[in-house]
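Can you read through this structure? Questions will come right after.
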Amino acid sequence: RVEGLGALAASAAPVPFGQELTVQVHALEAGPATILLQDALGRTMLSQPATLVKGANQVQLSKAGRLRSGAYILVVQQGSQQVRLKVVRE
């Protein structure tokens, strides 16, 4: 599923994920970004910086496999733009 069309856009695969989660990000401009995985209470469980190019980007969250099973919110932030997706850890 892609969220944020017309601005910063993102999708994640596979969902549910196991040891790794791949995030596809479409950025309208190049620059730094932060990718977060938050639990249901909004606590940040994983934070990973990324440097995005304008257009298509792929970011591997290799540490996502350390999280407990359950539902998380994936947040991609770049400047004032933010995209949120629901993902599930097996």
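Being a predicted model, the structure only gives us computed values, none of them experimental. Position 1 is the first residue of the sequence; numbering continues from there.
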What's the spacing between Ser62 OG and Gln19 CD if we round to 0.5 Å?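 Interatomic distance, Ser62 OG to Gln19 CD, rounded to 0.5 Å: 10.0 Å.
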Report yes if the side chains of Ile73 and Leu85 come closer than 4.5 Å at any heavy-atom pair, otherwise no.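 Counting from C-beta outward, Ile73 and Leu85 never come under 4.5 Å.
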Testing the basics here: between Ala27 and Leu52, what is the closest heavy-atom pair and its distance to 0.1 Å?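 Shortest heavy-atom contact: CB-CD1, 4.0 Å.
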Taking all non-hydrogen atoms of both residues into account, name the closest pair between Leu28 and Ala7 and its distance.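 Answer, listing the atom of Leu28 first, then Ala7: CD1-CA, 3.6 Å.
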Show the nearest heavy-atom pair for residues Val76 and Leu8, with the distance to one decimal.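 Heavy-atom minimum between the residues: O-CD2, 3.7 Å.
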Please enumerate all residues that pass side chain to side chain contact (heavy atoms under 4.5 Å, CB included) together with Gln60, with sequence neighbours excluded.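 Side chain to side chain contact (heavy atoms under 4.5 Å, CB included) check on Gln60 returns Glu20, Thr22, Gln58.
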Beyond-backbone contact of Arg89 with Arg66, side-chain heavy atoms, under 4.5 angstrom: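 Counting from C-beta outward, Arg89 and Arg66 never come under 4.5 Å.
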So how far is it from Asn57 CG to Thr51 OG1, rounded to the nearest 0.5 Å?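 If we round to the nearest 0.5 Å, Asn57:CG and Thr51:OG1 are 9.5 Å apart.
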Mind listing the side-chain donor-acceptor pairs of residues 34-41 below 3.5 Å, one per line with the distance, residues two or more places apart or on another chain?
{"from": "Asp39", "atom 1": "OD1", "to": "Leu41", "atom 2": "N", "distance (Å)": "3.0"}
{"from": "Asp39", "atom 1": "OD1", "to": "Gly42", "atom 2": "N", "distance (Å)": "3.1"}
{"from": "Asp39", "atom 1": "OD1", "to": "Arg43", "atom 2": "N", "distance (Å)": "2.8"}
{"from": "Asp39", "atom 1": "OD2", "to": "Arg43", "atom 2": "NE", "distance (Å)": "2.6"}
{"from": "Asp39", "atom 1": "OD2", "to": "Arg43", "atom 2": "NH2", "distance (Å)": "2.7"}

Just verifying a value: how many Å separate Arg84 CZ and Gln77 CD, rounded to the nearest 0.5 Å?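 Those atoms lie 8.5 Å apart.
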Please lay out, stage by stage, how Glu90 and Val88 fare under the test side chain to side chain contact (heavy atoms under 4.5 Å, CB included). CA-CA 6 Å; Glu90 291 183 306; Val88 176; over 6 Å; no
If you link I, L, V, M, F, W and Y whenever their side-chain heavy atoms are under 4.5 Å apart, who else ends up in the same group as Val53?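 Besides Val53, the hydrophobic cluster comprises nothing; the residue is isolated.
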Report the distance from atom NZ of Lys63 to atom CE of Met45, rounding to the nearest 0.5 Å.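 Lys63 atom NZ to Met45 atom CE measures 14.0 Å (nearest 0.5 Å).
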Could you tell me which non-hydrogen atom of Leu21 sits nearest to which non-hydrogen atom of Pro14, and how far apart they are?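 Nearest pair, atom of Leu21 first, then Pro14: CD1-O, 3.5 Å.
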To check you understand the geometry: which heavy-atom pair defines the closest contact between Ala71 and Lys86, and what is its length?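 Scanning both residues completely, I find the closest heavy atoms to be CB-CE, 4.0 Å.
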In one Ile/Leu/Val/Met/Phe/Trp/Tyr side-chain cluster, 4.5 Å: Val15, Val75: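 No, Val15 and Val75 fall in different hydrophobic clusters.
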